Amino acid sequence: MAGGKARKEKAKPAAQTPYQGGISFHKSKGQHILKNPLLVDSIVQKSGIKATDVILEVGPGTGNLTKKLLEAGKKVIAVEIDARMVLELQRRFQGTPHSNRLQIIQGDVLKTELPYFDICVANIPYQISSPLTFKLLHHKPAFRCAIIMFQKEFAMRLIAQPGDKLYCRLTVNTQRLAQVSHLLKVGRNNFRPPPKVDSSVVRIEPRKQFEVNEKEWDGFLRICFNRKNKTLGSIFRQKKVLSLLEKNYKTLQALNLDPALQGAMEETNNVMDFEDMEMDDDEADDEMEVEDGNAEGETSEFKEKVLRVLKDNDFENERSSKLKLREFVTLLSEFCKAGIHFS
Ligand SMILES: C[S@@+](CC[C@H](N)C(=O)[O-])C[C@H]1O[C@@H](n2cnc3c(N)ncnc32)[C@H](O)[C@@H]1O
């Protein structure tokens, strides 16, 4: 050894050394691999995998979780975007008894048509949390459950209950499609490199849905959660909201009167799209100032019609931050019965 004192490197216990395959990690792809084998074991154990299960893994990386999943289930389908990781996975499992039970799909999971799977177990890149969750929840046939590592705050939004600070549109949208429960808190030091945030593992179980028209539901919730702590009475008095609803109302009336227009509308399909109505606080306060004034083109008759639905069903003084999923479904249905539509 050249110069200096010879320092003895403390050998790391083998169990704490994650398989990295000499690869450098890209933050842009959310590459934080699990380095704690006890945590990997715990995730697999809590997943309740059956020996007959086909498992979907999103973002297998260098395969630390994949290895345990192969030991627990019948087959693992792993979708990985990074060609270097795919190569590493192939090297790692080639010639092992597991190799013929591992199917690797190279690509972006959000753009991949997913095959059948019973269960999804994954430590995902956090930037795709929301689109991936809804892609999975709309996958047919429905899977049994998904055990997914998310950024802690995202996970808390998924499991929030009415009245909780983090209860939001994401919560209601997810809970309409699934039961979500918290499984594990995970500190950032369980990953290499450690992310800037803590994480949580949750269980998502698709459930029998409240049947709604998806487009109506989406438009309706965007309005309700526009300011989740304001009363619905005040939200539905807003100029912007009333004029959008009245535009929809008039368009639908015109369509009903003239069936020839319906075909044309279906082709263009552009008249009734709601823009994303979530506002920041300042914008929303500006809107509140004009809340009782009549919007341009919006009639007081129409405003009465909207408010009547809220009053008759005791929703006028309710706030979205405290409304249960079932109550959102009821209110939407009452609006639709009155001919007030959101898509
Ligand atoms: C948080 S790491 C998890 C790695 C491994 N599962 C583990 O726990 O050690 C996320 C992995 O997802 C991959 N990835 C990122 N974006 C992806 C996408 N859109 N589709 C599929 N894989 C993706 C990354 O390349 C990375 O391997």
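Counting convention: from 1, in listed order, for ligands and their atoms alike. Since the model is a prediction, treat every value here as computed from it, not as a measurement.
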Would you say K111 contacts ligand 1, with heavy atoms under 4.0 Å as the rule? no

Considering only the protein, which heavy-atom contact is closest to atom 22 (N) of ligand 1, and what is its distance? I81 N, 3.3 Å

Given R92, which of T66, N64, L102 fulfils the side chain to side chain contact (heavy atoms under 4.5 Å, CB included) condition? N64

Mind checking whether S130 and T133 have side chains closer than 4.5 Å, heavy atoms only? no

Under 4.0 Å to a heavy atom of Q31 - the qualifying atoms of ligand 1, by number: 24 (C), 25 (O), 26 (C)

Identity and separation of the nearest protein heavy atom to atom 16 (N) of ligand 1: P125 CG, 3.4 Å

Can an N or O of L34 be found at a distance shorter than 3.5 Å from an N or O of ligand 1? yes

Joint hydrophobic cluster, L137 plus V79, side-chain heavy atoms closer than 4.5 Å: yes

Provide the number and element of each atom of ligand 1 under 4.0 Å from a heavy atom of V109. 18 (C), 19 (N), 20 (N), 21 (C)

Salt-bridge test for R176 and E214: reply yes if a basic N is under 4.0 Å from a carboxylate O, no otherwise. yes

Scan side-chain atoms only and decide if T62 and E88 contain a donor-acceptor pair under the 3.5 Å cut-off. no

Determine, step by step, whether H98 and E71 satisfy the side chain to side chain contact (heavy atoms under 4.5 Å, CB included) criterion, reporting the C-alpha distance in whole Å, the side-chain angles of both residues, the deciding distance to 0.1 Å, and the verdict. CA-CA 8 Å; H98 301 312; E71 287 164 11; 3.8 Å; yes

Close approach, G107 and ligand 1, non-hydrogen under 4.0 angstrom: yes

Would V79 count as a contact of ligand 1 if the rule is a heavy atom under 4.0 Å away? yes

Hey, does L65 sit under 4.0 Å from ligand 1 if you only count heavy atoms? no

Would you call K324 and E318 a salt bridge, using N to O less than 4.0 angstrom? no

Can you list the ligand 1 atoms lying under 4.0 Å from a non-hydrogen atom of E57? 6 (N)

Least distance between heavy atoms, C145 atom then S47 atom: SG-O, 4.3 Å

Any idea which atoms of ligand 1 are less than 4.0 Å away from a heavy-atom of G30? 1 (C), 2 (S), 10 (C)

Using a distance-only test with no angle check, is there a side-chain donor-acceptor pair under 3.5 angstrom linking N229 and S321? yes

D108 N/O under 3.5 Å from ligand 1 N/O: yes

Residue and atom name of the nearest protein heavy atom (relative to atom 15 (C) of ligand 1), distance in Å to one decimal: K29 O, 3.1 Å

for atom 6 (N) of ligand 1, nearest protein heavy atom and its distance come out as G59 O, 2.7 Å

Give the residue, atom name and distance (to 0.1 Å) of the protein heavy atom nearest atom 5 (C) of ligand 1. P60 O, 3.2 Å

Please check if the number of heavy atoms outside K29 that lie under 6.0 Å from its NZ is greater than 12. yes

Below 4.0 Å from ligand 1: does a non-hydrogen atom of I124 turn up there or not? yes

In terms of atom number and element, which parts of ligand 1 are under 4.0 angstrom from non-hydrogen atoms of N123? 1 (C), 2 (S), 3 (C), 6 (N), 7 (C), 8 (O), 10 (C)

Could you name the option among H26, E80, M85 that has the heavy atom nearest to atom 27 (O) of ligand 1? E80

Pair F154 + Y126: ring centers closer than 6.0 Å: no

